[in-house]
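Everything on this sheet refers to the single structure shown next.
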Amino acid sequence: MFALVDVNSMYCACESVFRPDLKGKPIICLSNNDGCVIARSASVKPYIKMGAPYFEIQHIIKEKQVTVFSSNYPLYADFSNRFMAVVANLVPQIEVYSIDECFADITGMDALSSWSELGHQLKNDVLQCAHLPVGVGISSTKTLAKLANHAAKTWKKTGGVVDLSSPSRQKKLMAILPVSDVWGIGRKLAKRLNQSGIETALDLSRLPTSQARKLYSVVLERTVRELNGESCLQLEEIASAKQQIICSRSYGHKVMDYELVRQSVCAFAERAAVKLREEKQYCRMVTLWIESSYFTTQQPYHHGHETQALVYPSQDTRDIIQAAVSILERLWQPNMKYSKSGIMLSEFSPSGQIQLNLFESGPRFRHSGELMQTIDHINRNKGSIWFAGQGIQSQAMPWKMKQQFLSPRWTTKFTDIPLVRC
DNA sequence: TCTGGGGTCCTAGGACCC
DNA sequence: TCTGGGGTCCTAGGACCC
């Protein structure tokens, strides 16, 4: 038995915890670079679409007096950890599925209280201890639990908890939900299914598995089985090791200067290397891309990317910066207005050791591990040092992302802790 | 002027091997 | 002149998720 616990409008909820004045008021949160809308409080949903570009909706924001926030990931990550801890405290096992939702294995827990009571307990505890509102969906497979959660969020009268353990209730719900609401059915697949006369989740559940596989894919076959109560997706308690690490950002302003693009590349390479060391991995491949704006009509969209192998698997920032910059030199085109760059690390191994050959003499740097450890340690303990390649922070850095509406890091930064005056 | 970022999995097709 | 069949591995691209 699975429960899916999901925070309602997670980012907006986090923003209002230390701002009681915003309770019930319209709020939106923007993507990195203040690009588009990625979270909306309930009252905003009727008039601002998910993903709407910020600059297009400024008049609505003014008219409706919507409070706007830039993404504050340190804040959201901290609240996410608190939320997961509360849920983990109540159930035998959880799988952290994303920053705002987790699956819980609740098999056998109905011996103590009904599924619905358990759902309400989860909901109340999270609200009380982590100050976040959640919806809970309960059923025999992950896909059905997702569907139950969807229902809990959609219909107020459910009280935010839906027990979808009985097959007859499953059928009733599936009959009224469009197939596009099913987990794993995206835009393209929904369109194809609709064209074959499959409109509702119930229609999909009645597609013979052999046909689902033959006409579509093994993934869809699994979804059909899950909708019929056959559990195909297990709880993955331990997050599997990452296979790639990506660090990429749109620039705050367009950049035509090689030196500035190089700075951004160095900064992203450095950040990616930190993530790599956090994963305790070494990478063999470095991919870099730089691109112009996809939207502008002033020049054709340009996108250059290239992958380079390191001689040795490495987690040394210097190796990764060097590979990235050497790719950049080859990709660079003058007179191009660049608006985004990114780096991807892949082909991981748990250690830097490989078989040497006759012509290689060993890793480039001595004491690499110790140096990286020291740098990471200093940066973790509120120090801040970085490689010179990303420039001096006091200079103008047009590639740095815009964060016009950033809230304080209420819970993770010492100087941002709220003051209470008595 | 201004349009996010970070992932996974699957499939088809090509290269290559015997 | 006639030109097989089975397998693996890799890559690019598509689709999906949040």
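The sequence lines fix the lettering, A, B, ..., with proteins before strands; numbering per chain opens at 1.
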For this session: Please find out if less than 6.0 Å separates the ring center of A/Phe405 from that of A/Tyr54.
Result: yes
Notebook entry, point to check: Just checking A/Ile99: base, sugar-phosphate only, or nothing, at a heavy-atom cut-off of under 4.0 Å?
Noted result: nothing
Span that lies between the P atom of C/dT3 and that of B/dC17, in whole angstrom: 23 Å
**OP:** Describe the nucleic acid contact of A/Tyr97 in one word from base, sugar-phosphate, nothing, applying a heavy-atom distance below 4.0 Å.
**Re:** sugar-phosphate
Between CG of A/Asn8 and P of C/dC18 the distance, given in whole Å, is 14 Å
**Same-atom distance (P) from B/dC2 to C/dC18, integer angstrom** = 31 Å
Rounded to whole Å, CD1 of A/Ile185 lies from P of C/dC16 at a distance of 8 Å
Check this for me: A/Lys49, atom NZ, are more than 12 non-hydrogen atoms of other residues, nucleotides or ligands nearer than 6.0 Å? no
Between NZ of A/Lys191 and P of C/dG14 the distance, given in whole Å, is 15 Å
Could you tell me whether A/Tyr338 and A/Trp332 have their ring centroids closer than 6.0 angstrom?
yes
task = Determine the interplanar angle of the A/Phe103 and A/Trp183 rings, folded into 0 to 90°, and report it as parallel if under 30°, tilted if 30 to 60°, perpendicular if over 60°.
result = tilted
Taken to the nearest whole Å, CD/A/Gln404 to P/B/dT1 is 16 Å
By the Watson-Crick or G-U definition, both distances under 3.5 Å, B/dC18 is matched with C/dG5
To the nearest angstrom, the CG-P distance between A/Leu215 and C/dA15 comes to 17 Å
To the nearest angstrom, the CG-C1' distance between A/Leu220 and C/dC16 comes to 12 Å
Respond yes when some side-chain nitrogen or oxygen of A/Lys146 is under 4.0 Å from OP1 or OP2 of C/dC18, and no when none is.
yes
Run the numbers on A/Ser116 and A/Asp163 for side chain to side chain donor-acceptor pair (under 3.5 Å), then give the verdict. CA-CA 6 Å; A/Ser116 167; A/Asp163 163 14; over 6 Å; no
Would you call A/Glu221-A/Arg225 a salt bridge at under 4.0 Å N-O? yes
Contact list (N/O, under 3.5 angstrom) for nucleotides 3-11 of chain B vs protein:
{"residue": "B/dG4", "atom": "O4'", "partner": "A/Ser31", "partner atom": "OG", "Å": "2.8"}
{"residue": "B/dG5", "atom": "OP1", "partner": "A/Ser250", "partner atom": "N", "Å": "2.4"}
{"residue": "B/dG5", "atom": "OP2", "partner": "A/Ser250", "partner atom": "OG", "Å": "3.1"}
{"residue": "B/dG5", "atom": "OP2", "partner": "A/Lys340", "partner atom": "NZ", "Å": "3.2"}
{"residue": "B/dG5", "atom": "O3'", "partner": "A/Arg249", "partner atom": "NH1", "Å": "3.1"}
{"residue": "B/dG6", "atom": "OP1", "partner": "A/Arg249", "partner atom": "NH1", "Å": "2.9"}
{"residue": "B/dG6", "atom": "OP2", "partner": "A/Ser248", "partner atom": "N", "Å": "2.7"}
{"residue": "B/dG6", "atom": "OP2", "partner": "A/Ser248", "partner atom": "O", "Å": "3.1"}
{"residue": "B/dG7", "atom": "OP2", "partner": "A/Ile246", "partner atom": "N", "Å": "2.6"}
{"residue": "B/dT8", "atom": "OP1", "partner": "A/Gln243", "partner atom": "N", "Å": "3.2"}
{"residue": "B/dC9", "atom": "OP2", "partner": "A/Gln243", "partner atom": "NE2", "Å": "3.2"}

In terms of the angle between their ring planes, are A/Tyr73 and A/Tyr76 parallel, tilted or perpendicular, with boundaries placed at 30° and 60°? perpendicular
